[in-house]
Amino acid sequence: MHNFFTQLFAEISAAYNHPDFIHPDFQTIIDNHEALNQKLEAVFTAYMALAPAGKAQVQQAYSNNNNIEQVCNNTVRPVKFDELPAGIQDPLKALYGSKGTLYQMLTAKDNYEAVKNKCGSLKGHFEKFRGQNPISVCPFCGMENLMTEYEDGKNEYDHYLSKNDYPFCSINFNNLTPICDICNKPGYKGQKDIPFQPNTNPQIQDELYDPYSIAYPEHVIDLKINSTSTDLKDVDDWTLSIDCTPIGNVRKKDRWLEIYKIESRYKGKIAGDSYKWKDRIVSKYALRCKRKGIPFADFKEDILDDFATPLKWNNGILMKCFDEFIMNDLNCEANLSGTIF
Ligand SMILES: [Zn+2]
């Protein structure tokens, strides 16, 4: 696709002839798929009919929307589909839209092998992603484990910038990321138009985490349970602080909380499962300290070390936060050895 748009924007020819516009690796696919060729030709015709200002707008949209990193940093504004010149909207929708999408055509049975050989498959991307990434959990919520690269299937892929609002980046791998089922649901991340703050008119763009950025090496999310009781079943009885360092990323962190409904999900999981996590500490205390005579300080160190790499475990970040809440309580030892806990 990139080849097609590069040639189109350069206006290398006044007439559409697909060998001029399609990368040589994909000629056969286009040769065998006249419907796709017609969709590309319709985009060509609509683009060529635009006034210079309209053409510039389309070029800007293509460039901006594929610059995922700068969009996330709020230094480039993405151009939404309905802001494009009216004349090119229908041909683009036909090319990228939900019926007979470009993606569906490229992955159709007769084309898939050819595309896979040239570009790799989503499953291949998934295996590489899982193989290279030491983090096992969903990259967006950090809660549930993704599937492993050794299983037959793969998790769903999310269009980080939604394909409906920003079709130009819908087949850009920097905009495609494995995601867990909950984060991908409508009502959570779903198809939200995430570069902009919700319920703002005119819309206000804001910062986002860039899923593939390596620009956050020191970034840490710090979770802290604030409660006077270890009974956390009623979420209204306690609060969860979710802070980040460095503080310069706080806008990104706050957008993340809002988009994925992180606070209520984290609190819900802690409320529902912390009784099991508490039982685990109580029985370990009974075994190690009461029966084996291990000093409390050593026991505490062991427990706090259990989730030293929390992103390798299902809900490890929440269990780590719960262990810290229990073990750092000044009355912890008395509570564990007594009857109050
Ligand atoms: Zn998730």
Side-chain angles (χ1 to χ4, degrees), residues 68 71-72 122-123 125-166 169-170 172-195 198 206-214 216 219-225 235 240-244 249-274 276-277 307 309-322:
I68 311 295
V71 167
C72 291
L122 262 189
K123 170 67 173 158
H125 183 271
F126 182 73
E127 287 173 7
K128 204 170 159 193
F129 180 93
R130 288 295 279 113
Q132 288 183 0
N133 203 328
I135 293 169
S136 315
V137 288
C138 168
F140 296 105
C141 63
M143 296 175 78
E144 300 290 330
N145 273 334
L146 295 177
M147 295 173 77
T148 73
E149 65 269 40
Y150 304 104
E151 294 174 71
D152 288 338
K154 61 170 182 56
N155 289 91
E156 290 298 316
Y157 266 63
D158 176 49
H159 286 94
Y160 195 55
L161 306 187
S162 86
K163 59 179 188 289
N164 292 337
D165 286 313
Y166 310 102
C169 57
S170 62
N172 179 340
F173 267 119
N174 287 333
N175 191 43
L176 284 164
T177 315
I179 191 170
C180 78
D181 292 347
I182 305 292
C183 285
N184 202 27
K185 274 188 182 173
Y188 293 92
K189 189 326 187 131
Q191 291 289 316
K192 279 179 189 167
D193 181 16
I194 61 171
D206 206 343
E207 294 181 37
L208 293 169
Y209 288 123
D210 174 0
Y212 284 105
S213 175
I214 52 169
Y216 322 117
H219 188 66
V220 175
I221 296 285
D222 187 37
L223 302 178
K224 186 168 180 282
I225 294 168
V235 292
L240 180 69
S241 307
I242 308 177
D243 298 312
C244 75
N249 287 332
V250 72
R251 285 302 313 144
K252 291 180 165 66
K253 186 263 296 180
D254 286 347
R255 293 300 315 291
W256 165 69
L257 294 181
E258 157 224 319
I259 293 165
Y260 298 92
K261 297 189 173 173
I262 294 295
E263 185 183 352
S264 63
R265 291 170 68 187
Y266 284 6
K267 285 192 74 175
K269 177 58 78 176
I270 293 169
D273 281 1
S274 58
K276 291 187 284 188
W277 306 339
F307 297 104
T309 51
L311 294 174
K312 290 185 176 177
W313 307 99
N314 253 10
N315 296 305
I317 48 172
L318 303 182
M319 289 192 278
K320 177 176 187 286
C321 151
F322 181 77

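Order of appearance sets the numbers: ligands from 1, and atoms from 1 within every ligand.
In this model, a donor atom of one side chain and an acceptor atom of the other lie less than 3.5 Å apart for Y166 and D193.
Sorted by chain and number, the protein atoms of type N, O or S within less than 2.8 Å of the Zn ion (ligand 1) are C138 SG, C141 SG, C180 SG, C183 SG.
In this structure, OH in Y260 is found 7.5 Å from SG in C138, a value given to the nearest 0.5 Å.
Between the side chain of N175 and the backbone N or O of L161, at least one donor-acceptor pair lies under 3.5 Å. Proximity of a side-chain donor or acceptor of R251 to a complementary backbone N or O of D206 within less than 3.5 Å is not detected. Judged purely by atom type and a 3.5 angstrom limit, N314 uses its side chain to pair as donor or acceptor with the backbone of N145.
Under a cutoff of 6.0 Å and an axis angle of 45°, K261 and Y188 form a cation-pi pair.
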